[in-house]
Number of protein chains: 2
Amino acid sequence: MIPFFEYNWQVRDEWFAWCSQLPEEELIRFRTGGVGSFLKTLFHIIDVEYSWIRGIQGKEDIVFDYAGYDSLEKVQSLSDRCRSEVIEFLKENREGRATDAVRVPWDDEKFTVGEVLHHLIAHEIHHIGQLSVWARELDLTPVSAHYAGRTLKPFVSYES
Amino acid sequence: MIPFFEYNWQVRDEWFAWCSQLPEEELIRFRTGGVGSFLKTLFHIIDVEYSWIRGIQGKEDIVFDYAGYDSLEKVQSLSDRCRSEVIEFLKENREGRATDAVRVPWDDEKFTVGEVLHHLIAHEIHHIGQLSVWARELDLTPVSAHYAGRTLKPFVSYES
(Lines give C-alpha, C1' and ligand atoms only; values in the text may rest on other atoms or scores of the structure.)
Protein backbone atom coordinates (compact mmCIF):
# COMPACT_ATOMS: atom_id res chain seq x y z
CA MET A 1 0.00 0.00 0.00
CA ILE A 2 2.79 2.44 0.88
CA PRO A 3 4.01 2.87 -2.72
CA PHE A 4 0.47 4.00 -3.65
CA PHE A 5 0.55 6.68 -0.94
CA GLU A 6 3.95 7.79 -2.21
CA TYR A 7 2.65 7.83 -5.77
CA ASN A 8 -0.39 9.87 -4.75
CA TRP A 9 1.70 12.39 -2.83
CA GLN A 10 4.15 12.80 -5.67
CA VAL A 11 1.32 13.35 -8.17
CA ARG A 12 -0.40 15.70 -5.70
CA ASP A 13 2.76 17.82 -5.40
CA GLU A 14 3.02 17.93 -9.19
CA TRP A 15 -0.57 19.22 -9.31
CA PHE A 16 0.31 21.93 -6.77
CA ALA A 17 3.16 23.00 -9.05
CA TRP A 18 0.88 22.74 -12.10
CA CYS A 19 -1.81 24.86 -10.41
CA SER A 20 0.68 27.66 -9.77
CA GLN A 21 0.42 28.57 -13.48
CA LEU A 22 -3.28 29.42 -13.04
CA PRO A 23 -4.64 32.73 -11.75
CA GLU A 24 -6.52 32.40 -8.46
CA GLU A 25 -9.93 32.84 -10.08
CA GLU A 26 -9.34 29.73 -12.22
CA LEU A 27 -8.30 27.72 -9.15
CA ILE A 28 -11.49 28.53 -7.25
CA ARG A 29 -13.85 28.68 -10.25
CA PHE A 30 -16.73 26.20 -9.98
CA ARG A 31 -16.39 23.33 -12.43
CA THR A 32 -18.78 20.49 -13.16
CA GLY A 33 -18.02 17.19 -11.43
CA GLY A 34 -16.26 16.07 -8.29
CA VAL A 35 -16.20 18.63 -5.50
CA GLY A 36 -16.27 21.59 -7.86
CA SER A 37 -12.90 23.36 -8.29
CA PHE A 38 -9.17 22.66 -8.51
CA LEU A 39 -8.50 24.12 -5.06
CA LYS A 40 -11.45 22.49 -3.35
CA THR A 41 -10.52 19.09 -4.82
CA LEU A 42 -6.99 19.29 -3.44
CA PHE A 43 -8.36 20.48 -0.07
CA HIS A 44 -10.90 17.65 -0.03
CA ILE A 45 -8.28 14.96 -0.79
CA ILE A 46 -6.11 16.16 2.10
CA ASP A 47 -9.05 16.52 4.49
CA VAL A 48 -10.39 13.02 3.77
CA GLU A 49 -6.99 11.35 4.05
CA TYR A 50 -6.16 13.09 7.31
CA SER A 51 -9.56 12.39 8.90
CA TRP A 52 -9.46 8.68 8.12
CA ILE A 53 -5.86 8.25 9.25
CA ARG A 54 -6.74 9.93 12.55
CA GLY A 55 -9.89 7.77 12.68
CA ILE A 56 -7.84 4.58 12.33
CA GLN A 57 -5.80 5.70 15.30
CA GLY A 58 -8.87 6.47 17.41
CA LYS A 59 -7.89 10.15 17.47
CA GLU A 60 -10.48 12.92 17.53
CA ASP A 61 -11.49 14.21 14.08
CA ILE A 62 -10.15 17.65 13.24
CA VAL A 63 -12.51 19.43 10.85
CA PHE A 64 -10.85 21.96 8.55
CA ASP A 65 -13.01 24.82 7.27
CA TYR A 66 -12.41 25.31 3.53
CA ALA A 67 -13.07 29.03 4.00
CA GLY A 68 -9.75 29.29 5.84
CA TYR A 69 -7.83 27.72 2.94
CA ASP A 70 -8.51 30.13 0.12
CA SER A 71 -5.14 30.05 -1.63
CA LEU A 72 -2.89 27.46 -3.24
CA GLU A 73 -0.16 28.20 -0.69
CA LYS A 74 -2.49 27.58 2.26
CA VAL A 75 -3.78 24.29 0.83
CA GLN A 76 -0.25 23.13 0.01
CA SER A 77 0.89 23.99 3.49
CA LEU A 78 -2.06 22.02 4.92
CA SER A 79 -1.07 19.09 2.71
CA ASP A 80 2.51 19.11 4.01
CA ARG A 81 1.38 19.38 7.62
CA CYS A 82 -1.18 16.58 7.45
CA ARG A 83 1.09 14.37 5.38
CA SER A 84 3.81 14.41 8.01
CA GLU A 85 1.33 12.87 10.46
CA VAL A 86 0.20 10.29 7.89
CA ILE A 87 3.84 9.36 7.22
CA GLU A 88 4.44 8.80 10.92
CA PHE A 89 1.38 6.56 11.08
CA LEU A 90 2.47 4.52 8.05
CA LYS A 91 6.02 4.17 9.38
CA GLU A 92 4.78 2.90 12.73
CA ASN A 93 2.40 0.45 11.07
CA ARG A 94 4.65 -1.01 8.40
CA GLU A 95 3.93 -4.56 9.48
CA GLY A 96 0.26 -3.85 9.15
CA ARG A 97 -2.80 -4.45 11.18
CA ALA A 98 -5.02 -4.57 8.13
CA THR A 99 -7.82 -6.59 9.71
CA ASP A 100 -8.28 -4.37 12.80
CA ALA A 101 -11.73 -2.79 13.03
CA VAL A 102 -12.17 0.95 12.57
CA ARG A 103 -15.08 3.09 13.70
CA VAL A 104 -15.24 6.77 12.79
CA PRO A 105 -17.60 9.48 14.05
CA TRP A 106 -18.91 10.40 10.58
CA ASP A 107 -20.05 6.90 9.54
CA ASP A 108 -22.19 4.26 11.24
CA GLU A 109 -20.50 1.42 9.41
CA LYS A 110 -17.52 -0.48 10.75
CA PHE A 111 -14.49 -0.83 8.49
CA THR A 112 -11.09 -2.49 8.64
CA VAL A 113 -7.78 -0.65 8.53
CA GLY A 114 -6.98 -2.33 5.21
CA GLU A 115 -10.29 -1.23 3.72
CA VAL A 116 -9.70 2.37 4.81
CA LEU A 117 -6.22 2.46 3.31
CA HIS A 118 -7.55 1.07 0.02
CA HIS A 119 -10.33 3.66 0.16
CA LEU A 120 -7.90 6.57 0.58
CA ILE A 121 -5.69 5.43 -2.28
CA ALA A 122 -8.59 5.03 -4.71
CA HIS A 123 -10.20 8.27 -3.48
CA GLU A 124 -7.20 10.41 -4.39
CA ILE A 125 -6.53 8.77 -7.77
CA HIS A 126 -10.21 9.18 -8.69
CA HIS A 127 -10.30 12.90 -7.88
CA ILE A 128 -7.00 13.48 -9.68
CA GLY A 129 -8.60 11.93 -12.78
CA GLN A 130 -11.24 14.65 -12.54
CA LEU A 131 -8.59 17.39 -12.43
CA SER A 132 -7.11 16.00 -15.63
CA VAL A 133 -10.38 16.60 -17.51
CA TRP A 134 -10.64 20.16 -16.21
CA ALA A 135 -7.04 20.77 -17.29
CA ARG A 136 -7.84 19.68 -20.85
CA GLU A 137 -10.96 21.85 -20.81
CA LEU A 138 -8.56 24.77 -20.15
CA ASP A 139 -6.50 23.55 -23.11
CA LEU A 140 -3.62 22.66 -20.79
CA THR A 141 -1.67 19.40 -20.50
CA PRO A 142 -2.46 17.72 -17.17
CA VAL A 143 0.11 16.20 -14.84
CA SER A 144 0.95 12.65 -15.91
CA ALA A 145 -0.85 9.97 -13.92
CA HIS A 146 1.57 7.25 -15.05
CA TYR A 147 2.71 4.98 -12.28
CA ALA A 148 5.12 2.83 -14.29
CA GLY A 149 8.42 4.51 -15.04
CA ARG A 150 8.04 7.01 -12.20
CA THR A 151 10.80 7.03 -9.58
CA LEU A 152 8.88 7.38 -6.34
CA LYS A 153 10.11 9.75 -3.70
CA PRO A 154 10.45 7.55 -0.58
CA PHE A 155 8.21 9.55 1.73
CA VAL A 156 7.70 6.54 3.98
CA SER A 157 10.15 3.86 2.84
CA TYR A 158 13.53 4.01 4.47
CA GLU A 159 16.64 1.92 4.86
CA SER A 160 16.66 0.19 8.22
CA MET B 1 -3.29 -5.76 -4.89
CA ILE B 2 -6.02 -8.25 -5.74
CA PRO B 3 -8.78 -6.33 -3.90
CA PHE B 4 -7.95 -3.31 -6.06
CA PHE B 5 -8.44 -5.36 -9.23
CA GLU B 6 -11.74 -6.65 -7.84
CA TYR B 7 -12.78 -3.10 -6.94
CA ASN B 8 -11.89 -1.85 -10.42
CA TRP B 9 -13.80 -4.65 -12.14
CA GLN B 10 -16.85 -4.12 -9.99
CA VAL B 11 -16.83 -0.38 -10.70
CA ARG B 12 -16.19 -1.08 -14.40
CA ASP B 13 -19.23 -3.36 -14.57
CA GLU B 14 -21.31 -0.68 -12.85
CA TRP B 15 -20.18 1.78 -15.52
CA PHE B 16 -21.22 -0.67 -18.24
CA ALA B 17 -24.67 -0.83 -16.64
CA TRP B 18 -24.70 2.98 -16.25
CA CYS B 19 -23.73 3.48 -19.89
CA SER B 20 -26.68 1.40 -21.06
CA GLN B 21 -28.96 4.36 -20.25
CA LEU B 22 -27.19 6.49 -22.89
CA PRO B 23 -27.96 6.43 -26.61
CA GLU B 24 -25.07 5.20 -28.72
CA GLU B 25 -24.21 8.67 -30.03
CA GLU B 26 -23.54 9.86 -26.47
CA LEU B 27 -21.31 6.85 -25.82
CA ILE B 28 -19.09 7.52 -28.80
CA ARG B 29 -19.31 11.34 -28.77
CA PHE B 30 -15.91 13.01 -28.44
CA ARG B 31 -15.41 14.60 -25.03
CA THR B 32 -12.54 16.69 -23.73
CA GLY B 33 -9.94 14.86 -21.63
CA GLY B 34 -8.66 11.33 -21.32
CA VAL B 35 -9.03 9.22 -24.43
CA GLY B 36 -12.10 11.08 -25.64
CA SER B 37 -15.39 9.19 -25.14
CA PHE B 38 -17.16 6.88 -22.70
CA LEU B 39 -16.81 3.86 -24.97
CA LYS B 40 -13.20 4.51 -25.95
CA THR B 41 -12.22 4.96 -22.30
CA LEU B 42 -13.68 1.59 -21.33
CA PHE B 43 -12.04 -0.02 -24.37
CA HIS B 44 -8.70 1.61 -23.50
CA ILE B 45 -8.80 0.43 -19.86
CA ILE B 46 -9.41 -3.17 -20.97
CA ASP B 47 -6.80 -3.03 -23.73
CA VAL B 48 -4.09 -1.64 -21.45
CA GLU B 49 -4.79 -4.11 -18.63
CA TYR B 50 -4.79 -7.09 -20.97
CA SER B 51 -1.63 -6.05 -22.81
CA TRP B 52 0.38 -5.55 -19.63
CA ILE B 53 -0.82 -8.79 -18.05
CA ARG B 54 0.19 -10.67 -21.19
CA GLY B 55 3.47 -8.70 -21.17
CA ILE B 56 4.23 -9.83 -17.61
CA GLN B 57 3.78 -13.42 -18.76
CA GLY B 58 6.04 -12.95 -21.78
CA LYS B 59 3.10 -13.61 -24.10
CA GLU B 60 2.78 -11.93 -27.46
CA ASP B 61 0.82 -8.66 -27.41
CA ILE B 62 -2.62 -8.86 -28.97
CA VAL B 63 -3.63 -5.50 -30.43
CA PHE B 64 -7.36 -4.84 -30.50
CA ASP B 65 -8.65 -2.42 -33.13
CA TYR B 66 -11.14 0.00 -31.57
CA ALA B 67 -12.99 0.11 -34.89
CA GLY B 68 -14.14 -3.45 -34.26
CA TYR B 69 -15.65 -2.57 -30.87
CA ASP B 70 -18.23 0.03 -31.80
CA SER B 71 -20.96 -0.86 -29.30
CA LEU B 72 -21.32 -1.17 -25.54
CA GLU B 73 -22.10 -4.88 -25.87
CA LYS B 74 -18.92 -5.56 -27.85
CA VAL B 75 -16.73 -3.68 -25.38
CA GLN B 76 -18.36 -5.39 -22.42
CA SER B 77 -17.87 -8.75 -24.03
CA LEU B 78 -14.19 -7.90 -24.63
CA SER B 79 -13.92 -6.92 -20.96
CA ASP B 80 -15.33 -10.26 -19.81
CA ARG B 81 -13.09 -12.21 -22.16
CA CYS B 82 -9.87 -10.44 -21.22
CA ARG B 83 -10.72 -10.42 -17.54
CA SER B 84 -11.00 -14.17 -17.38
CA GLU B 85 -7.36 -14.39 -18.53
CA VAL B 86 -6.30 -11.74 -16.01
CA ILE B 87 -8.09 -13.63 -13.23
CA GLU B 88 -6.23 -16.82 -14.16
CA PHE B 89 -2.94 -14.96 -14.03
CA LEU B 90 -3.70 -13.42 -10.63
CA LYS B 91 -4.84 -16.75 -9.20
CA GLU B 92 -1.66 -18.46 -10.32
CA ASN B 93 0.49 -15.68 -8.93
CA ARG B 94 -1.14 -15.15 -5.55
CA GLU B 95 2.15 -15.52 -3.71
CA GLY B 96 3.62 -12.86 -5.90
CA ARG B 97 6.76 -12.36 -7.83
CA ALA B 98 6.62 -8.62 -7.50
CA THR B 99 10.30 -7.97 -8.05
CA ASP B 100 10.61 -9.98 -11.29
CA ALA B 101 11.65 -7.88 -14.28
CA VAL B 102 9.22 -7.21 -17.12
CA ARG B 103 10.02 -6.11 -20.65
CA VAL B 104 7.24 -5.28 -23.10
CA PRO B 105 7.42 -4.64 -26.85
CA TRP B 106 5.86 -1.16 -26.65
CA ASP B 107 8.30 0.34 -24.13
CA ASP B 108 12.09 0.45 -23.93
CA GLU B 109 12.10 0.69 -20.17
CA LYS B 110 12.32 -2.31 -17.86
CA PHE B 111 9.70 -2.61 -15.11
CA THR B 112 8.95 -4.99 -12.26
CA VAL B 113 5.77 -7.06 -11.98
CA GLY B 114 4.79 -5.10 -8.87
CA GLU B 115 5.23 -1.80 -10.67
CA VAL B 116 3.06 -2.97 -13.57
CA LEU B 117 0.26 -4.14 -11.25
CA HIS B 118 0.33 -0.80 -9.41
CA HIS B 119 0.28 0.94 -12.79
CA LEU B 120 -2.81 -0.94 -13.96
CA ILE B 121 -4.73 -0.27 -10.78
CA ALA B 122 -4.01 3.47 -10.82
CA HIS B 123 -4.62 3.63 -14.58
CA GLU B 124 -8.19 2.37 -14.33
CA ILE B 125 -9.15 4.45 -11.29
CA HIS B 126 -7.77 7.57 -12.99
CA HIS B 127 -9.77 7.06 -16.18
CA ILE B 128 -12.92 6.25 -14.20
CA GLY B 129 -12.50 9.61 -12.47
CA GLN B 130 -12.68 11.20 -15.90
CA LEU B 131 -15.94 9.39 -16.71
CA SER B 132 -17.44 10.83 -13.53
CA VAL B 133 -16.90 14.40 -14.76
CA TRP B 134 -18.46 13.63 -18.14
CA ALA B 135 -21.45 12.06 -16.35
CA ARG B 136 -22.02 15.26 -14.36
CA GLU B 137 -21.66 17.31 -17.54
CA LEU B 138 -24.61 15.27 -18.84
CA ASP B 139 -26.43 16.13 -15.61
CA LEU B 140 -26.35 12.47 -14.54
CA THR B 141 -25.17 10.93 -11.27
CA PRO B 142 -21.99 8.93 -11.87
CA VAL B 143 -21.29 5.47 -10.49
CA SER B 144 -19.96 5.69 -6.93
CA ALA B 145 -16.20 5.35 -6.68
CA HIS B 146 -16.32 4.58 -2.96
CA TYR B 147 -14.11 1.73 -1.90
CA ALA B 148 -15.07 1.62 1.78
CA GLY B 149 -18.42 0.03 2.47
CA ARG B 150 -18.45 -1.84 -0.85
CA THR B 151 -18.74 -5.62 -0.67
CA LEU B 152 -16.28 -6.78 -3.29
CA LYS B 153 -17.26 -9.57 -5.62
CA PRO B 154 -14.47 -12.17 -5.19
CA PHE B 155 -13.39 -12.41 -8.82
CA VAL B 156 -10.00 -13.77 -7.78
CA SER B 157 -10.20 -14.56 -4.07
CA TYR B 158 -11.46 -17.99 -3.24
CA GLU B 159 -11.63 -20.36 -0.31
CA SER B 160 -8.85 -22.90 -0.47
Side-chain angles (χ1 to χ4, degrees), chain A residues 1-8 11 31-36 41 45 48 52 55 98 102 104 106-152, chain B residues 1-8 10-11 31-36 41 48 52 55 98 102 104 106-152:
Chain A
M1 305 268 227
I2 287 174
F4 269 131
F5 278 93
E6 293 177 333
Y7 159 81
N8 270 341
V11 171
R31 296 173 201 276
T32 302
V35 293
T41 301
I45 288 170
V48 166
W52 278 102
V102 176
V104 287
W106 60 88
D107 204 309
D108 290 336
E109 273 193 79
K110 200 166 72 180
F111 304 98
T112 65
V113 170
E115 198 177 0
V116 170
L117 298 182
H118 279 80
H119 178 74
L120 293 177
I121 290 162
H123 181 259
E124 179 150 358
I125 301 172
H126 181 79
H127 280 298
I128 292 293
Q130 297 171 332
L131 299 191
S132 76
V133 170
W134 294 340
R136 290 287 182 198
E137 288 175 348
L138 286 169
D139 217 9
L140 293 168
T141 303
V143 168
S144 167
H146 256 62
Y147 186 100
R150 182 182 279 273
T151 303
L152 291 180
Chain B
M1 303 267 229
I2 287 174
F4 270 130
F5 278 93
E6 293 177 334
Y7 159 82
N8 271 341
Q10 189 169 332
V11 171
R31 294 173 203 276
T32 302
V35 294
T41 300
V48 165
W52 278 102
V102 177
V104 286
W106 60 87
D107 203 310
D108 290 336
E109 271 192 81
K110 199 166 73 181
F111 304 100
T112 65
V113 170
E115 198 177 0
V116 170
L117 297 182
H118 278 80
H119 179 75
L120 294 177
I121 291 162
H123 182 258
E124 179 149 359
I125 302 172
H126 181 80
H127 279 299
I128 292 293
Q130 298 172 333
L131 300 190
S132 76
V133 169
W134 294 340
R136 291 286 181 197
E137 288 175 348
L138 287 169
D139 217 10
L140 293 169
T141 302
V143 168
S144 167
H146 255 62
Y147 185 101
R150 182 183 278 274
T151 303
L152 291 180

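Chain identifiers are assigned alphabetically (A, B, ...) following the order of the sequence lines, protein sequences preceding nucleic acid strands; residue numbering begins at 1 within each chain.
- The interface of residues 135-145 of chain B with chain A, defined by heavy-atom distances below 4.5 Å, comprises B:Arg136, B:Glu137, B:Ala145.
- Nearest heavy-atom pair, B:Val133 versus A:Thr32, reported as atom, atom and distance to 0.1 Å: CG1-O, 3.6 Å.
- Shortest non-hydrogen contact noted between B:Gln130 and A:Ser132 is NE2-OG, 2.8 Å.
- Between chain A and the residues B:Arg150, B:Met1, B:Lys110, B:His146, the most heavy-atom pairs under 4.5 angstrom are made by B:His146.
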Name every donor-acceptor pair, under 3.5 Å, that has one atom in a side chain of residues 111-123 of chain B and the other anywhere in the protein, sequence neighbours excluded.
from: B:Thr112; atom 1: OG1; to: B:Glu115; atom 2: N; distance (Å): 3.1
from: B:Glu115; atom 1: OE1; to: B:Thr112; atom 2: N; distance (Å): 3.3
from: B:Glu115; atom 1: OE2; to: A:Gly149; atom 2: N; distance (Å): 3.1
from: B:His118; atom 1: ND1; to: B:Gly114; atom 2: O; distance (Å): 2.8
from: B:His119; atom 1: ND1; to: A:Tyr147; atom 2: N; distance (Å): 3.3
from: B:His119; atom 1: ND1; to: A:Ala148; atom 2: N; distance (Å): 3.1
from: B:His123; atom 1: NE2; to: B:His44; atom 2: NE2; distance (Å): 3.0
from: B:His123; atom 1: NE2; to: B:His127; atom 2: NE2; distance (Å): 3.3

